[in-house]
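All remarks here apply to the structure that follows.
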Amino acid sequence: MPELPEVQTVIDGLNQIIINQTIRKIKILRKGITSCNFSQILGEKFLKLERRGKYIIFHLSSELVIIGHLKMTGKFVVTSKYVKYHPHDRVIFFLGDQSKLIFNDVRCFGHLELIGSADLLEKFKKMGPEPWDSKYNSQYLQKKLENRKIPIKTLLLDQNLVAGIGNIYASEILFEAGIHPEKPGHSLMVSEFNQIIESTRRILNLALKYNGTTISDFRRVDEKTGEFQNFLKVYGRQGLACRICGEKIQKIKQNQRSTFLCSSCQT
DNA sequence: AGCGGAACCTGTCGGC
DNA sequence: TGCCGACAGGTTCCGC
């Protein structure tokens with residue numbers, strides 16, 4: 001589900017609500033979501049939430065941090081004491097003000113883990129730079145991709161190359177950059193790497209401004225939808241006219257995942 | 001090392 | 001209407 005803008009939207013929502021709340025009790029409704037021993041964080045407070053790639057980092061008033069990943073369908077919702085459980089609620093944090101922080105996930109791909117804050121660096125050691133990091137530049141991409149034969153679209157989904165891009169924004173970024181998604185990584189020129197970097201930042205910034213994309217079931221913490229779906233130029237628009245040239249948008253499969261493109265604008 | 005495919009799990013939608 | 005396959009915003013593991 002959620003890519004960088006959606007994860008950041010969730011974090012911004014939670015930062016408004018759960019900071020300084022005490023964790024009174026934790027209930028795990030579905031095993032497999034987490035194998036943590038949560039008893040060691042009872043009585044602790046949420047201090048601050050951060051994002052790294054598509055991971056959510058909950059800093060606590062102890063030396064431990066909770067790391068969450070929403071995968072395809074995970075959500076965090078905060079509700080009052082009296083709201084009943086929903087079918088896909090998986091983990092419930094009972095908070096000091098009697099509200100509940102609920103991790104809900106239809107498909108159960110999502111995951112929560114507990115690690116020492118000193119182990120955060122190690123945890124994210126292999127992950128690529130954030131898109132706005134100055135390390136994410138054309139020399140970096142050229143070096144990392146010089147031996148890669150696979151399509152640039154597939155490469156943009158690799159979190160060890162750059163953090164946070166998923167299936168929707170990969171298509172949108174390459175459309176904006178005017179680059180065909182099937183081009184092998186090693187075949188791109190420096191100017192094309194620069195286009196990708198600029199497009200990545202522009203599109204993610206815009207998506208952040210509109211609280212992410214709601215295609216099916218992404219919701220903000222307050223259960224509102226994101227609005228960036230209204231700005232999508234290729235994703236989900238197969239058969240419709242390209243907004244730039246009028247050509248029909250195509251849908252292709254790459255590595256078992258859908259890619260959308262305009263074969264006239266992207267070369 | 002790089003690459004493709006399967007697996008994880010549940011729900012929905014479109015075609016026949 | 002009902003069944004069945006395809007598909008869904010992600011990541012990891014396995015074998016070549």
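Note that the structure is a prediction, hence the values are computed from the model and not measured. Just so it is clear: chains get the letters A, B, ... in the order the sequence lines come, proteins before strands, and each one is counted from 1.
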Worksheet entry | Minimum-distance nucleotide to A/K251 side chain [options: C/dG9, B/dC3, C/dA8] | C/dA8

Discussion item. Taking NZ in A/K31 as the centre, count heavy atoms belonging to other residues, nucleotides or ligands within less than 6.0 Å. Is the count above 12?
Written reply: no

Worksheet item: In residues 106-124 of chain A, which ones come under 4.0 Å of DNA chain B, going by heavy atoms?
Response: A/V106, A/R107, A/F109

Discussion item. Please report the distance separating the P of C/dG5 from the corresponding atom of B/dA7, rounded so that it comes out in whole Å.
Written reply: 15 Å

Discussion item. Test your reading of the model: is there a side-chain donor-acceptor pair from A/S199 to the backbone of A/Q195, 3.5 Å cut-off?
Written reply: yes

Fill in: CD/A/E63: more than 12 non-hydrogen atoms of other groups inside 6.0 Å
no

Discussion item. Output the pairing pattern of DNA chain C as a dot-bracket string, 5' first, Watson-Crick or G-U wobble with both distances under 3.5 Å, | for cross-strand pairs, [ ] for crossing pairs.
Written reply: .|||||||.|||||||

Worksheet item: Among the nucleotides C/dG9, B/dT10, C/dA8, which one has an atom lying closest to any side-chain atom of A/Y235?
Response: C/dG9

Worksheet item: Rounded to the Å, how far apart are A/L157 CG and B/dG4 P?
Response: 13 Å

Worksheet item: For A/Q256 and A/L155, take the nucleotide of DNA chain B holding the closest heavy atom to each; which residue's nucleotide lies nearer the 5' end?
Response: A/L155

Item to complete: For A/E192, enumerate each residue passing the salt bridge (charged side-chain N to carboxylate O under 4.0 Å, His left out) test, keeping only those at least two apart in sequence or located in another chain.
Response: A/K183

Worksheet entry | Separation of atom NZ in A/K31 from atom C1' in B/dC8, rounded to whole Å | 18 Å

Worksheet item: Within less than 4.0 Å of OP1 or OP2 of C/dG10, is there a side-chain N or O belonging to A/H69?
Response: no

Item to complete: Write down the distance between CD (A/E6) and P (C/dG10), rounded to a whole number of angstrom.
Response: 9 Å

Discussion item. With a 4.0 Å cutoff (strictly under), does any side-chain N or O of A/S258 reach OP1 or OP2 of C/dA8?
Written reply: yes

Worksheet entry | Distance between P atoms of C/dT11 and B/dG11 (Å, rounded) | 22 Å

Discussion item. Whether A/Q159 contacts C/dT11 is assessed here as follows: a side-chain N or O lying under 4.0 Å from the phosphate OP1 or OP2. Is that the case?
Written reply: yes

Fill in: Between P of B/dA1 and CG of A/D158, the distance in whole Å
14 Å

Worksheet item: Using atom P of each nucleotide, how far apart are B/dG14 and C/dG9 to the nearest Å?
Response: 16 Å

Fill in: Cationic N near anionic O, under 4.0 Å, A/K233 to A/E172
no

Worksheet item: B/dC9 C1' sits how many Å from A/L70 CG, rounded?
Response: 16 Å

Worksheet item: Between A/K253 and C/dA8, does any side-chain N or O lie under 4.0 Å from OP1 or OP2?
Response: yes

Worksheet item: Short question: side chain of A/E130, backbone of A/G53 - any donor-acceptor pair under 3.5 Å?
Response: yes

Worksheet, complete the sentence: Looking only at C/dA8, C/dG10, C/dG9, the nucleotide nearest the A/K71 side chain is C/dG10

Practice prompt. Please state whether the phosphate of B/dG5, meaning OP1 or OP2, lies under 4.0 angstrom from any side-chain nitrogen or oxygen of A/R257.
Written response: no

Discussion item. On DNA chain B, does the nearest nucleotide to A/R90 precede the nearest nucleotide to A/K144 from the 5' side, or the other way round? Give the residue.
Written reply: A/K144

Discussion item. Heavy atoms only, 4.0 Å cut-off, all strands: where does A/Y55 land among base, sugar-phosphate and nothing?
Written reply: sugar-phosphate

Discussion item. Just to be sure I understand the rule, does A/I215 reach a base, reach only the sugar-phosphate, or reach nothing, if contact means heavy atoms closer than 4.0 Å?
Written reply: base

Practice prompt. Provide the closest heavy-atom pair for A/V162 versus A/I165 in the form atom of the first, atom of the second, distance.
Written response: CG1-CD1, 3.8 Å

Fill in: Separation of the C1' atoms in C/dG10 and B/dA1, to the nearest angstrom
23 Å

Worksheet entry | d(CZ, A/R148; P, B/dG4) in whole Å | 9 Å

Discussion item. So that I can tick it off, tell me whether A/R202 and A/E176 are bridged by a salt bridge, with the cut-off set at under 4.0 angstrom between side-chain N and carboxylate O.
Written reply: yes

Worksheet item: In terms of side-chain geometry, is the basic nitrogen of A/K123 or A/E113 positioned less than 4.0 Å from the acidic oxygen of its partner?
Response: yes

Worksheet item: Distance under 6.0 Å and angle within 45° of the ring axis: does A/K25 meet both against A/F94?
Response: yes

Worksheet item: Could you state the CD1-P distance from A/I33 to B/dC9, rounded to the nearest angstrom?
Response: 10 Å

Fill in: Any donor-acceptor N or O pair under 3.5 Å, side chains A/Y169, A/E6
yes

Practice prompt. Grab the CG-C1' distance between A/L161 and C/dT11 for me, whole Å please.
Written response: 16 Å

Worksheet, complete the sentence: Of the candidates C/dG10, B/dG2, C/dA8, the side chain of A/E3 sits closest to C/dG10

Discussion item. Measuring only the P atom in each nucleotide, how far is C/dC7 from B/dG5? A whole number of Å is fine.
Written reply: 14 Å

